[in-house]
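See structure below.
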Amino acid sequence: MDLNDYQQAALRTAAPKDKHNELFHLLLGLVGETGEIAEKAKKIVRDKDSDFSQWDIEDLTKELGDTLWYVAVIADYFDVPLEAVAQRNIEKLADRQKRSMLGGSGDNR
C-alpha cells in the first residue's frame with residue numbers, strides 16, 4: 001500500500017481537524033500507543049529475560065498500526081503527505097550515514 005493511500009484511508013476514521021482540542025487528542029493518542037509498545041517491551045525484559053523472539057508479532061503489528069494511524073492523521077492535520085514524512089526521514093538518515101553520524105544524539109548531527 002502506498003503511504004499517501006494509507007493516509008487517505010486512515011483519515012476516513014479520523015475526527016474533523018476543527019474539532020475542539022483535536023490536535024491535543026491526536027498527540028496524546030500517539031504517545032499512548034507508543035507507550036503500549038514500550039510497556040509490552042518492558043514485560044519482555046522483566047518476564048522473558050529480554051528474549052524479544054517471544055514477542056507476539058501479531059499484537060506488535062496491531063500496535064504499530066495504531067501508531068502509524070496517529071502519525072498519518074497528525075501529518076494531515078498540518079497538510080503534510082505521509083509520503084513526504086517518510087521521504088524526508090530517509091533523506092535525513094542517509095545524510096547522517098554518509099557523514100558517519102548515525103550514532104550520537106541531537107536533531108542536527
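Everything numeric here is computed off the predicted structure, so don't read it as measured data.
Scanning for salt bridge (Lys or Arg N to Asp or Glu O under 4.0 Å) contacts around Asp66 gives an empty result, with sequence neighbours left out. Evaluation of the salt bridge (Lys or Arg N to Asp or Glu O under 4.0 Å) rule for Lys19 yields no partner, not counting sequence neighbours. For Asp79, the salt bridge (Lys or Arg N to Asp or Glu O under 4.0 Å) partners at least two apart in sequence or on another chain are Lys17. For the side chain to side chain contact (heavy atoms under 4.5 Å, CB included) test, residues two or more places apart in sequence or in another chain that qualify with Leu11 are Gln7, Gln8, Ala14, Val73, Asp76.
Proximity of a side-chain donor or acceptor of Asp2 to a complementary backbone N or O of Asp5 within less than 3.5 Å is detected. Of the possible donor and acceptor atoms, none in the side chain of Asp49 sits under 3.5 Å from a partner among the backbone N and O of Asp51. Counting only distance, with no hydrogens or angles, the side chain of Asn4 and the backbone of Pro81 share no donor-acceptor pair below 3.5 Å.
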- Message: What verdict does the side chain to side chain contact (heavy atoms under 4.5 Å, CB included) test give for Glu22 and His25, after you've listed the backbone C-alpha separation in whole Å, the side-chain angles of each residue and the deciding distance to 0.1 Å?
- Response: CA-CA 5 Å; Glu22 185 54 18; His25 162 256; 3.2 Å; yes
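Residues Asp59 and Glu63 meet the side-chain proximity criterion, which asks for heavy atoms closer than 4.5 Å.
Sorted by first and then second residue, the pairs that involve residues 35-66 and meet ring pair (Phe, Tyr, Trp, His ring centres under 6.0 Å), not counting sequence neighbours, are Phe52-Trp55.
Each of Met1 and Leu64 belongs to its own hydrophobic cluster when Ile, Leu, Val, Met, Phe, Trp and Tyr are linked at side-chain heavy-atom distances under 4.5 angstrom. Linking ILVMFWY side-chain heavy atoms closer than 4.5 Å, directly or via other members, places Leu68 and Leu23 in a single hydrophobic cluster. Leu26 and Phe78 end up in the same hydrophobic cluster when Ile, Leu, Val, Met, Phe, Trp and Tyr side chains are linked at under 4.5 Å. In terms of hydrophobic clustering, with Ile, Leu, Val, Met, Phe, Trp and Tyr side chains grouped at heavy-atom distances under 4.5 Å, Trp69 and Leu27 are assigned to a common cluster.
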Could you list the donor-acceptor pairs under 3.5 angstrom formed between side-chain atoms of residues 29-37 and any protein atom two or more places apart in sequence or on another chain?
| residue | atom | partner | partner atom | Å |
| --- | --- | --- | --- | --- |
| Thr34 | OG1 | Leu30 | O | 3.1 |
| Thr34 | OG1 | Val31 | O | 3.0 |

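The number of heavy atoms from other shown groups lying within 6.0 Å of NZ (Lys42) is above 12. Open room surrounds NZ on Lys62; 12 or fewer heavy atoms of other groups in view lie less than 6.0 Å from it.
Atom CD of Glu39 sits about 7.5 Å away from atom CZ of Arg46, to the nearest 0.5 Å.
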